Participant: 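Before I ask anything, let me first share the structure, which is written out below as structure tokens.
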Amino acid sequence: MATAFARTFLLYGILMVGIRAMGKRQIGELEPIELVLMLLISDLAAVPMQDFGIPLLNGVVPIITLLSLSMLLSFFSMRSVRFHRLVCGNPTTLIRDGVIQQSAMRRNRFTLDELIDELRSQGVTDLATVKYAVLETNGQLSVLLYPADAPATPRQLGRAVRDDVSLPAVLINDGHVMKSGLKDKGLDRAWLERTVRAHGFRDSHEILLLTVDDTGKVLCVGKEVRK
Amino acid sequence: MKYFAAPAAVLALLLGLSLENARCVESDVARWVTAVEAATAAAEQEDWAAAIETLRGAQNDWDGRRPWLHVVTAHDELEAADALFAEANSFAQERDMAEFRASATKLAVQLRVVSGMQQLTLKNVL
């Protein structure tokens, strides 16, 4: 029992560090080789967690080896486009100018039903409105509509728009002051305390979220009072 | 370059440790097998005291290395070797030559299995 607990604890720690070192990609965006890696790692971790007749190292060494190999593969993929294509493959155009590329569909074993499903999930019901549909290497379908069928942008309409998009920095997160956010925005603790008081709070512990954007606009959300 | 160096270093370290472990286990097992063979030879000359002493020395040495072997080897194989050490010891105490010889041979084979499992050989890889 205690062995199971300790082994699970250790393997969880190793997996957490390893997966963190792999990068920030989400499961749905994994390349095929990365998906296989994740499946292998989960299986390798599960066996020594349950079977105490196997040394923990028999699970840990393959996991670390796989993670290291994966990092090396990523390194070589970044360095060489050809290597990346060899490992991950190429995106394939399944619809070009509204015409289904049947040979490409066959090569990728992508059925018409799957294509129609994917288009429908992206709000496209009329195939003739699709200029390009590209099957990406991670299995997702990118759909580009003809300009006449796509939502118009202000640029296409010849309208000038003010650039008021800015990334807000979080200065207080659940009562904790984010020093890095303050530093990034060139603000100090005194400014923060003034702002907190100006919003009717005594100190940062009463605030759930406080952000400030490039224009100086402050968003302040107080914590709910617990009953 | 650190994106290459770090995983490459980890792989090199793992390979190095694996090979060093294989070398150490092989050397230990060779020592224990030699002791078991020496115990058998002593028993064949009716020198049971020497046989028991030699076998006990090998077993103590084995017990000393047991924690490390437990970390790197399948536990079933170690338990089988433990049982064979106990069995050989028991037959030596009873001075039963035929049983002792058979048991000592099985023990030597089992110890070689423990060593063989750690070696980087084509047979093991395939």
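Not measured: the values here are computed from a predicted model.
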Participant: Using every non-hydrogen atom in the two residues, find where A:S68 and B:P7 come nearest and quote the distance to one decimal.
Facilitator: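 Taking A:S68 first and B:P7 second, the nearest heavy atoms are O-CB, 3.4 Å.
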Participant: With a 4.5 angstrom heavy-atom cut-off, which part of A:L72 approaches chain B: side chain, backbone, both or neither?
Facilitator: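 For A:L72, the contact with chain B is made by backbone and side chain together.
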Participant: If you count the non-hydrogen atoms of other residues, nucleotides and ligands that lie under 6.0 Å from OH in A:Y12, is the total more than 12?
Facilitator: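 For A:Y12, atom OH is not crowded (no more than 12 foreign heavy atoms under 6.0 Å).
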Participant: Give a yes or no on whether B:R66 atom CZ has more than 12 heavy-atom contacts from other residues, nucleotides or ligands under 6.0 Å away.
Facilitator: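 Enclosed.
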Participant: Are B:F4 and A:F75 close enough that their ring centers fall under 6.0 Å?
Facilitator: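 That pair passes the under 6.0 Å test.
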Participant: From B:L14 CG over to A:T65 OG1, what is the distance, rounded to the nearest 0.5 angstrom?
Facilitator: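 Rounded to the nearest 0.5 Å, the CG-OG1 separation comes to 4.5 Å.
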Participant: To the nearest 0.5 Å, what is the distance between OG1 (B:T73) and CD1 (A:I54)?
Facilitator: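 That separation rounds to 12.5 Å.
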Participant: Within the supplied structure, the quantity of interest is the number of heavy atoms (other residues, nucleotides, ligands) at a distance under 6.0 Å from A:F52 CZ; does it exceed 12?
Facilitator: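 Count over threshold, so yes.
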Participant: At a heavy-atom separation under 4.5 Å, does A:F76 approach chain B through its side chain, its backbone, both, or neither?
Facilitator: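 Just its side chain gets close to chain B.
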Participant: Report, as yes or no, whether the 6.0 Å neighbourhood of atom CD on A:Q102 holds more than 12 heavy atoms from other residues, nucleotides or ligands.
Facilitator: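 Atom CD in A:Q102 is not packed in, count stays at 12 or less.
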Participant: So with a 6.0 Å cut-off around NZ of A:K223, is the heavy-atom count from everything else above 12?
Facilitator: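 Counting other residues, nucleotides and ligands, NZ of A:K223 exceeds 12 neighbours.
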Participant: Is A:P55 close to B:H70 at the side-chain level, that is, under 4.5 Å between some pair of heavy atoms?
Facilitator: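 Contact flag for B:H70/A:P55 side chains = no.
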Participant: Using a 4.5 angstrom heavy-atom cutoff, name the option from A:D51, A:L57, A:V61 with the most pairs to chain B.
Facilitator: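 So the answer, after comparing A:D51, A:L57, A:V61, is A:L57.
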